[in-house]
2 protein chains.
Amino acid sequence: NNTPHDRFSNRGMTLEKDINDTNNYYLSRGLCVIHKKPTPVQIVKVDYPKRSAAVIKEAYFKQASTTDYNGLYKGRYIDFEAKETKNKTSFPLSNFHQHQIDHMEDIVKHEGICFVIIRFQAYNESYVFPAVKLFPYWHRQFKDGRKSIPYTAVKDEGTLIPASFPALVDYLTVVDEIFF
Amino acid sequence: NNTPHDRFSNRGMTLEKDINDTNNYYLSRGLCVIHKKPTPVQIVKVDYPKRSAAVIKEAYFKQASTTDYNGLYKGRYIDFEAKETKNKTSFPLSNFHQHQIDHMEDIVKHEGICFVIIRFQAYNESYVFPAVKLFPYWHRQFKDGRKSIPYTAVKDEGTLIPASFPALVDYLTVVDEIFF
Ligand SMILES: [Mg+2]
Ligand SMILES: [Mg+2]
């Protein structure tokens, strides 16, 4: 569960770090321009000491209204969220907020490429799970549906991301396969 | 000059606010999905009080490595930076950092739509100035060129953005004209 607290205290940051490293590699090779968005912060108090940089003295983590990553690949807009779970049998939908789902639905409507990267830590497997396959699970949970996506469904409906070096989470190869 | 200090202390935020309002209107009308990226902050110290939200106690503004805004419009990737100046005769290139120019050059290379919105506060005029027209001015300054873009050049090579309500900076109409 990737709350701001978790994010800062370093739990659940492995996937994010792996993707950031992969993006830096992609960028250096000129393959795409995809960046992590900065963590949204509500700034309350700032000091402006003379002769040195402004210091933020009070601020709070805000809930993100969009996704973690976006950018440009082969002339197409790309947008995705990265989530990992310790769970072995399913991926809990509580990892998402309604805002993020709304955003992903907008992206699909406007013909962007949109997906989630889901990592099962127990198996060290990361999957590209297209947003259009996520939406039915999300909406079903509110009408007596289950509140998670079974691991087997992620395996079946998603695509395993190959790991290599330095592309630790080489998701562009999967994007090529699914969206181009 | 849109340094983090300026940004927080509210100077030079009018254009940003006008664009954010315009984007919210665009989003609500389903015209595009374009957001301001959060201000990048380097977090140094966080308190986790019991029974209440984490409080950031020490943090610093970081220089942005990309641009202010990006998103998706009519299936195309859009990326832009917003800058305003009090200057009446030219727009100083010191408003940009090399990082941002590098980023914009990458976007153009990968076939994204990329531009700057430049506002001359004295005239209350905002222009779409395409990134490809900015690059020559940027590079020329290092070989005895001038360190600003003349107001007349912004007028000639850029396109004046119409202001309406609630689209205070109705840049999509200009994007339609230039890029589609
Ligand atoms: Mg995430
Ligand atoms: Mg700006």
Side-chain angles (χ1 to χ4, degrees), chain A residues 3-10 24 26-28 30-48 52-67 70-79 102-114, chain B residues 3-10 24 26-28 30-48 52-67 70-79 102-114:
Chain A
T3 63
H5 182 291
D6 289 338
R7 205 181 299 144
F8 189 77
S9 63
N10 215 32
N24 286 339
Y26 286 161
L27 188 66
S28 72
L31 296 176
C32 66
V33 189
I34 296 173
H35 289 278
K36 171 90 173 61
K37 288 174 214 163
T39 301
V41 155
Q42 179 69 46
I43 298 166
V44 175
K45 188 164 169 277
V46 183
D47 276 8
Y48 299 101
S52 65
V55 189
I56 299 165
K57 288 295 206 178
E58 183 185 352
Y60 298 88
F61 295 103
K62 284 198 295 187
Q63 196 174 89
S65 55
T66 63
T67 43
N70 76 356
L72 176 61
Y73 176 55
K74 292 183 178 171
R76 299 281 305 277
Y77 176 89
I78 297 232
D79 196 299
D102 293 345
H103 173 74
M104 290 191 272
E105 288 183 329
D106 279 343
I107 295 306
V108 169
K109 203 186 316 166
H110 289 271
E111 296 168 64
I113 292 173
C114 193
Chain B
T3 63
H5 182 290
D6 289 339
R7 206 181 299 145
F8 188 76
S9 62
N10 214 33
N24 287 338
Y26 286 162
L27 188 65
S28 73
L31 296 176
C32 66
V33 190
I34 297 173
H35 289 277
K36 171 90 173 59
K37 288 173 216 165
T39 302
V41 156
Q42 178 69 47
I43 298 166
V44 174
K45 187 163 170 278
V46 183
D47 275 9
Y48 298 101
S52 65
V55 190
I56 299 165
K57 289 295 206 178
E58 184 185 351
Y60 298 89
F61 294 103
K62 283 198 294 186
Q63 195 173 91
S65 55
T66 64
T67 43
N70 76 355
L72 175 62
Y73 176 55
K74 292 183 178 170
R76 298 281 303 277
Y77 176 89
I78 297 231
D79 195 298
D102 293 344
H103 174 74
M104 291 191 272
E105 288 184 329
D106 279 343
I107 295 306
V108 169
K109 202 187 315 167
H110 289 273
E111 295 168 66
I113 292 173
C114 192

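All figures in this text were calculated on a predicted structure; none of them were measured in a lab. Lettering of chains follows the sequences in order, A, B, ..., and the numbering in each one begins at 1.
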Between [atom1] of [X] and [atom2] of [Y], what distance do you get to the nearest 0.5 Å?
X: B:Y77; Y: A:I113; atom1: OH; atom2: CD1; value: 13.5 Å
X: A:K36; Y: B:T66; atom1: NZ; atom2: OG1; value: 12.5 Å
X: B:Q42; Y: A:I56; atom1: CD; atom2: CD1; value: 10.0 Å

Inset, instruction - Identify which part of B:H35 has an atom lying under 4.5 Å from any heavy atom of chain A, answering side chain, backbone, both or neither. - result: side chain
Inset, instruction - Answer with side chain, backbone, both or neither: which region of B:V55 has an atom nearer than 4.5 Å to a non-hydrogen atom of chain A? - result: both
Closest heavy-atom contact between [X] and [Y]?
X: B:L72; Y: A:I107; value: CD2-O, 3.5 Å
X: A:P38; Y: B:K37; value: CD-CB, 4.5 Å
X: A:V46; Y: B:F61; value: CG1-CE1, 4.1 Å

Legend entry - Set of salt bridge (Lys or Arg N to Asp or Glu O under 4.0 Å) partners for A:D102, sequence neighbours left out: none
Legend entry - Selection from A:A59, A:G75, A:G30, A:A53 maximising heavy-atom pairs under 4.5 Å formed with chain B: A:A59
Inset, instruction - Under 4.5 Å, counting heavy-atom pairs only, tell me which of A:V33, A:I78, A:D106, A:V41 racks up the most with chain B. - result: A:V33
Inset, instruction - Mind checking side-chain hydrogen bond (donor to acceptor under 3.5 Å, both in side chains) for B:K57 and listing every partner two or more places apart, or none if nothing turns up? - result: none
